[in-house]
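Take a look at the structure below.
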Amino acid sequence: MTSEKAWRADVYVALKAGVNDPQGLAVRDGLHRLGYDEVSQVRVGRYIQVWLEAPDEEAAAARVREMCERLLANPVIEEYRFHVVRA
Amino acid sequence: MTSEKAWRADVYVALKAGVNDPQGLAVRDGLHRLGYDEVSQVRVGRYIQVWLEAPDEEAAAARVREMCERLLANPVIEEYRFHVVRA
Amino acid sequence: MRFAVITFPGSNGDHDALMAIQMGLGQPVELVWHTETDLSRFDCLIIPGGFSYGDYLRAGAIARFAPVMESVRAFAEAGGPVLGICNGFQILTEAGLLPGALLRNASLSFECAWVHVRVDNDRTPWTRALAPGTILRLPIAHGEGRYYADDATLERLEREGRVVFRYVDADGRVTPEANPNGSLNNIAGVCNERGNVVGLMPHPERAYDRLIGGDDGLRVLSAVLRAGVAAASRS
Amino acid sequence: MQVTPEILAEVALTEDEYRLIVERLGREPNPVELGMFGAMWSEHCGYKNSRPLLKRLPTSGPRVVQGPGENAGAVDIGEGLVAVLKIESHNHPSAVEPFQGAATGVGGIVRDIFTMGARPVAILDSLRFGPLEEPRNRYLFHGVVGGIGWYGNCLGIPTVAGDVFFDPGYSANPLVNAMCVGVARRDALVRARATGPGNLVLLVGADTGRDGIHGATFASVEDPEKSHRGVVQVGNPFLEKLLLEACLEALESGCVVAMQDLGAAGLTSSTAETAARGGVGIEIDVAKVPRREAGMTPYEVMLSESQERMLVIVEPSKLEVVEAIFRRWELHAAVIGRVTGDGMLRVLEDGRPVAEVPVRLLTDAPTYVRQGREDPEIAALRNRDLSAVPDLGRSPEEGLTAGQALLALLRSPNIASRRPVYRTYDHTILTNTVLPPGEGDAAVLRIKGTRLGLAVKTDCNPRYCLLDPYLGAQHAVAEAARNVSCVGAEPAAITDCLNFGNPERPGVYYQLSQAIEGMAVACEALGIPIVSGNASLYNESGGRAIPPTPTIGIVGVLDDVTRHAGLAFASQGVVYLIGPAQATLGASEYLALLHGLTAGSPPSLDLELELQVQRAVREGIARGVVRAAHDCSEGGLAVALAESCIAGQVGGRFEIEPLIEANAGRLDRALFGEAGSRVLVQVAPGDEANLIALLNGYRLPYLRLGETGGDSLVLGDALAISLGELRAAWSSGLG
Ligand SMILES: Nc1ncnc2c1ncn2[C@@H]1O[C@H](COP(=O)(O)OP(=O)(O)O)[C@@H](O)[C@H]1O
Ligand SMILES: [Mg+2]
């Protein structure tokens with residue numbers, strides 16, 4: 001369903017630096033156990049793809065930013081970034 | 001700790017197309033409830049950042065690919081992609 | 001018959017499995033820590049429920065690399081009876097000892113309840129003597145129990161009769177309402193090709209005494225005792 | 001150091017308190033020391049306002065093995081065992097980040113139990129939120145329930161009971177009280193007392209990060225959301241599971257002198273409190289504390305509230321054994337200091353002193369006795385004349401009917417099925433759960449290897465407490481005790497969580513002191529000691545205090561766990577109401593829901609009658625006469641009948657004329673009015689004479705209501721509703 005107005009936002013949500021990340025610790029230890037000793041740190045976040053309609057890229061980005069602030073990320077412990085591509 | 005040999009891999013793991021993603025549906029519904037009716041679909045995956053040492057980018061990528069195959073993604077249900085940047 | 005209960009960091013159903021075998025079945029049983037590699041003294045293995053390594057990446061994903069898992073694999077390949085319960089089921093699928101995967105429940109929330117399952121295959125050591133169609137009442141307690149396999153695998157599982165347990169209503173009917181987690185074809189448990197490795201999401205080891213809600217789980221756990229003759233002759 | 005009002009505000013100390021510190025210390029504290037005082041003298045750690053009042057609570061009794069003062073209380077339950085119990089609030093963190101706030105609340109309370117050498121067997125959660133119509137409250141509710149389930153499920157400890165109540169007074173200020181119950185051998189119970197100068201201090205578990213610095217202080221100021229955002233801690237239940245198993249194993253080995261979990265105020269409070277209890281000093285070097293983040297200052301290390309950490313005191317000769325146990329569980333254990341004989345808490349950084357304060361000064365916070373005064377607005381609400389409230393209509397033309405009111409009440413979030421909450425909690429793990437949530441007035445657990453059972457529940461009706469804190473607190477104690485009696489258990493001990501607003505305001509101080517007095521009187525009358533508790537003050541937002549909420553957590557004992565009762569009616573049996581026939585609309589759910597009124601006086605409570613009712617119910621259950629029992633609480637008699645019918649999947653036909661008569665001819669009071677000391681019981685048809693003899697023996701009022709059967713609930717000629725309709729309403733309220 002590619003249209004002039006169809007976009008996809010790829011949103012990356014990660015814990016803020018300094019916030020305890022038990023998932024990351026567990027994955028790091030798991031990788032060490034598999035012999036990947038070169039790994040020093042792992043952080044685990046969310047990767048959210050949002051398909052939406054918008055008149056142009058800028059408008060899409062503005063809406064997605066709002067969605068992040070309101071729902072997709074928890075500003076208390078998380079930070080996010082995203083980019084918008086044609087769907 | 002930036003060094004010649006320090007890299008960060010950003011790994012994106014998503015459910016394969018065709019695998020039901022109730023979490024994506026729930027987020028989409030949540031966005032609709034907030035008035036974002038322009039959203040047609042949402043998929044929720046994982047965003048894993050891995051800091052590692054490797055002699056060069058190619059070597060880092062080879063190791064990360066292995067980590068993905070063995071641990072970070074489950075090929076039965078998930079697909080992944082990643083890119084490596086200087087840490 | 002000597003049971004092993006394999007314990008990983010984060011397992012929490014190990015104690016229940018131990019009690020079910022000890023108090024419910026009256027059989028000898030040992031907890032086996034994930035770093036052990038010698039399983040030769042056991043006749044059957046139980047991989048219990050819990051949150052191995054917190055289930056932080058995917059349920060069972062990290063546990064499958066534990067040292068003990070190589071021995072579990074060898075034990076299974078030699079035809080020994082292996083039962084994976086809940087997280088144990090997840091570990092066995094991650095390890096490739098059972099087909100498919102277990103995804104987050106369709107409800108997106110953890111579900112703790114007593115459910116009915118129907119035995120659809122009596123050729124495994126864990127269901128021998130349970131006539132197909134037998135209905136068992138067992139507890140479930142999981143957040144990631146939605147069984148998934150791709151179309152080809154699913155078709156093959158059904159064709160080969162390798163769906164061992166299916167969620168049903170009290171009358172044995174397969175209905176969407178009876179499906180607590182959105183599993184494909186209401187699948188609650190499956191087995192490997194040979195039938196000796198079985199995984200299921202419900203908890204037979206929590207149903208060994210009427211005082212705590214039921215004892216149908218003993219019918220699963222005790223089935224292996226009959227299968228024991230075969231297992232003993234294996235070595 | 002130049003001490004400005006801003007600095008004092010940062011550590012939440014008053015100028016007078018600062019002067020007191022200087023005077024007692026004989027010098028000005030340095031910044032690290034000031035931060036430590038701020039945390040230790042906060043209400044959360046220092047109980048500045050509540051301590052003088054708490055003296056009033058009865059804490060002794062024949063079963064009491066450990067009263068308040070340790071990480072948790074303990075009571076003897078027979079067969080050489082003790083039950084260990086404690087409740088704690090995590091209100092402020094949950095208001096900011098509900099999922100993690102509630103999760104870490106569970107983590108903290110579970111640590112309090114296993115530090116005592118007890119194996120945790122049950123978690124309970126007592127929750128309060130604003131109305132679910134507001135999206136923010138929904139978000140908080142789902143987050144909190146999700147966090148509690150996540151943490152407890154992962155730990156493998158069943159969450160078996162609790163209570164939930166919604167009231168506009170909790171909007172944006174939810175209450176999350178988590179309780180844990182453990183079981184230990186009486187002779188193996190341990191105390192958190194550092195002793196033996198020269199003994200080593202170990203820090204075990206998670207690395208220390210900049211989590212929740214000043215969490216204790218933060219829990220003691222109003223409007224947390226505005227002032228503090230960086231305090232959110234992320235829990236790691238997986239690590240806690242390892243810590244739980246490793247600590248129990250270490251304690252079992254006999255090689256540990258003392259153990260103390262790190263909660264509010266982190267290393268500062270855990271070192272100060274263990275040292276104070278043992279009458280010794282402690283010296284630690286912050287450079288030896290394993291860090292998660294680079295560049296942390298001594299101040300941050302001392303005040304970090306990183307979760308899943310334990311302080312362990314060991315003799316040098318036992319160090320290796322203890323280290324080996326922790327290593328096996330894949331945990332870090334770092335020696336960070338030692339016990340000293342000089343009574344000082346000395347903090348070094350790489351050997352260089354950064355703080356040195358007598359332990360006693362830290363743990364001996366000043367206390368305040370204030371003047372309370374009831375808010376006249378509340379007195380007016382209580383004294384409001386309710387006779388003007390129109391009674392129910394006998395037909396729809398005459399206004400609201402009994403049937404409509406019952407369905408509305410069953411749908412009320414304060415009454416509706418709690419299944420949407422507890423189905424997300426693992427309540428079958430550990431294979432001890434005899435009565436799971438929803439099947440009895442309290443959860444019942446067996447204790448393997450014995451005949452014993454434990455019954456557990458939390459309770460508090462905040463509407464009663466708002467309108468009359470003294471009486472409301474008595475009801476909270478009575479209802480909790482009644483709930484465990486209704487499953488056949490004898491109440492053995494209480495742990496309480498005092499959730500109130502800002503005690504510096506006379507209206508709130510009045511509520512606090514009255515509630516404590518009410519709790520004390522009720523506990524004395526019912527013979528139940530309070531063995532542990534927690535105070536959470538300053539629960540306000542937008543300048544309004546929450547309704548006073550003295551949550552009661554209770555543990556009861558069944559000598560023979562097979563002799564218990566649930567609340568579900570059997571298909572054939574006779575139902576009696578034990579207790580007063582007279583009820584009141586004052587402070588009732590009916591009045592609030594259907595007339596929008598939070599007014600009137602809560603029901604009066606005759607504690608002697610209460611005691612006898614509970615005794616009779618227990619005896620009836622133990623003798624096998626009483627088959628089902630259910631307390632009549634919110635929603636009154638009609639709701640209680642409906643609940644027992646729904647649970648038993650059976651209808652019933654019940655007389656209500658005598659009730660109407662006892663309630664001045666009012667149908668609303670008869671059906672939906674509330675009263676204390678009331679229990680519905682069901683007996684087999686052949687057992688009626690036995691029940692009556694039993695009740696007469698206790699000189700109790702009772703009414704024969706009718707018989708179960710059919711598939712509708714019929715109450716005289718006031719209403720007849722099918723079970724299906726009742727169930728649909730009741731199941732949808734929290735859905
Ligand atoms: N937050 C909760 N967590 C677990 N169980 C709960 C919770 N709230 C209520 N329950 C359970 O639901 C049932 C009904 O609770 P409640 O309405 O508080 O009972 P009562 O009115 O008799 O005090 C009980 O079994 C109780 O333990
Ligand atoms: Mg109730």
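Below, read A as the first sequence line, B as the second, and so on, with proteins coming before strands; counting in each chain starts at 1.
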### Query
Are side-chain heavy atoms of B/Met67 and B/Val11 found at a separation under 4.5 Å?
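They are not in contact (no side-chain heavy atoms under 4.5 Å apart), so the answer is no.
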
### Task
Flag the pair A/Trp7 / A/Glu53 as yes when at least one side-chain heavy-atom distance between them is below 4.5 Å, and no otherwise.
no

### Task
Please determine, among B/Val39, B/Asp37, B/Ile48, the option with the most heavy-atom pairs under 4.5 Å with chain A.
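Of the options given, most contacts go to B/Val39.
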
### Query
Is chain A contacted by the side chain of B/Arg70, its backbone, both, or neither, given a heavy-atom distance below 4.5 Å?
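Only the side chain of B/Arg70 comes within 4.5 Å of chain A.
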
### Summary
Okay, B/Val13 and chain A: the region with an atom under 4.5 Å from a heavy atom over there is backbone

### Query
Which heavy atom of A/Val76 sits nearest a heavy atom of A/Lys16, and at what distance?
O-NZ, 3.6 Å

#### Entry: Contacting moiety of A/Gln23, where chain B heavy atoms sit under 4.5 Å
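A/Gln23 has no heavy atom closer than 4.5 Å to chain B.
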
#### Entry: A/Asp10 CG to B/Arg43 CZ distance, which is reported to the nearest 0.5 Å
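Atom-to-atom, A/Asp10:CG and B/Arg43:CZ are 12.5 Å apart.
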
